[in-house]
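In each ligand, atom 1 is the first atom listed, and ligand 1 is the first ligand listed.
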Amino acid sequence: MQRLAPALREDNVPLDLISLIKTVLAATKEISFRVSQAHLGGLMGSTLDENIQGEIQKKLDVVANELFKDILLESGFVKAISSEEEDSSVPGDENGKFIVSFDPLDGSSNIDINSLIGTIFSIHEAPKGMAADDPDMFKQAGNKQVCAGYVLYGPSTMLVMTTGKGTHFYVLDRTHGGYLLVERNVRIPEDTQEFAINMSNQRFWHPAMKNYIDDLILGDTGPRGKNFNMRWIAAMVGDVHRVLCRGGIFTYPADSKNPNKPYKLRLMYEANPMSFLVEQAGGLSVTSEGRIMDIEPTSIHQRVEVILGSKNEVETCLSYYKK
Ligand code: AFP
């Protein structure tokens, strides 16, 4: 099995980006270890603090964020970072060539039940002529990402990454301490009989989404003429990983539960990187109005509707909004 750096060189990834990716992955290896030891190390449960999103931070969220932040900012490759757990962007090296957005631990509600969690990251080039402490550097569309990925802390620690030349799977080999390429150019099947949505929000959805899901549930007795199964891991990393492995549609649609917060998922460090991975694997990733990676961001913690996965199923879902 191929090691990470030669695999990246084969895809002609520039050397400075390879160095940054290795830095990102150094942080994930340490987070993977801390996650596996969380109970023993007193890292279960919550802190007393809220993050900028108004969510109570888990102890492991804070540890993962500090680790990621320190390693990236000390590397010299990074001009600034933005994180789900930071109020604003954090400046790094003025000469750093890249900016990195990340969710240090996605799926925090799974921490205390020893279930799937992961780290999501997105890398852009730092715009020239802007200071490291200028948060506007992060106002770049997802279609300008030079690399995106996630690390899933599951039964094996798995890296899923793209630099725009396909989406590849790697597994952390603990015997030598590095990630090994296990599957190149993953493809998402175009059709599926599996969907992922938080059904408890059903009464708050747009009528188009309600009608679409109703038809999936009717199965072979309804207009779709086939049965669908449902899965919900409550961690986008886990749900998107399943879609990349065997197809499916994953959505967190707009809802009217809280009129000030119509969307749940974050554009910069959840929706954009996952969209890059899904599109590079032949899937679609959209809102009910258009391609996610074409959205021009207005703020670091911006939220967005997400509908992604198997191409034909995402198109079928969108057709309900046009009816
Ligand atoms: P955190 O990043 O705060 O852990 O949230 C996880 C998440 O944003 C995403 O990964 C899940 O798909 C979604 O929330 C789960 O939301 P529900 O609470 O509605 O299940």
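Closest heavy-atom approach to atom 8 (O) of ligand 1 among the candidates Arg303, Glu84, Glu270: Glu270. The nearest non-hydrogen atom to atom 5 (O) of ligand 1, considering only Lys257, Arg266, Glu85, Met236, comes from Arg266.
Among protein heavy atoms, atom 4 (O) of ligand 1 sits closest to Ser108 N, 2.6 Å. Nearest protein heavy-atom contact of atom 17 (P) of ligand 1 is Asn198 ND2, 3.6 Å. Atom 1 (P) of ligand 1 has as its closest protein heavy atom Gly107 N, 3.8 Å. Distance from atom 13 (C) of ligand 1 to its nearest protein heavy atom, with residue and atom name: Lys264 CE, 3.9 Å. Residue, atom and distance of the protein heavy atom nearest to atom 19 (O) of ligand 1 are Tyr252 OH, 2.5 Å.
Salt-bridge annotation for Glu125 and Lys144: absent, with no side-chain N of the basic residue lying under 4.0 Å from a carboxylate O of the acidic one. Ion pairing between a basic and an acidic side chain is recognised when a charged N comes within 4.0 Å of a carboxylate O; Asp112 and Lys58 show such pairing.
Side-chain contact, Ser122 with Asn272: no donor N or O sits under 3.5 Å from an acceptor N or O. For Asp255 and Tyr263, the side-chain atoms include no donor-acceptor pair closer than 3.5 Å. Between the side chains of Thr28 and Thr119, no donor-acceptor pair is found at a separation under 3.5 Å. A donor-acceptor pair shorter than 3.5 Å can be found between the side chains of Thr157 and Arg174. Checking Glu313 against Tyr212 by side-chain atom types alone, a donor-acceptor pair falls below 3.5 Å.
Of the N or O atoms in Asp239, none lie within a sub-3.5 Å distance of an N or O in ligand 1. In terms of polar-atom proximity, defined here as any N/O pair under 3.5 Å, Asn201 makes no such contact with ligand 1. The shortest N or O to N or O distance between Ser109 and ligand 1 is not below 3.5 Å.
Among all heavy-atom pairs drawn from Ile249 and Cys317, the shortest one is CD1-CB, 3.9 Å.
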Step by step, work out the salt bridge (charged side-chain N to carboxylate O under 4.0 Å, His left out) result for Asp134 and Lys139.
-> CA-CA 10 Å; Asp134 187 342; Lys139 291 184 182 166; over 6 Å; no
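Within ligand 1, counting atoms from 1 as listed, the ones closer than 4.0 Å to a heavy atom of Asp103 are 2 (O). Ligand-side atoms of ligand 1 in range of Leu265: 8 (O), 9 (C), range being under 4.0 angstrom from any heavy atom. For ligand 1, the atoms sitting less than 4.0 Å from at least one non-hydrogen atom of Trp232 are 15 (C), 20 (O), numbered in the order shown with element in parentheses. Under a 4.0 Å criterion applied to the non-hydrogen atoms of Ala235, ligand 1 contributes the atoms 10 (O).
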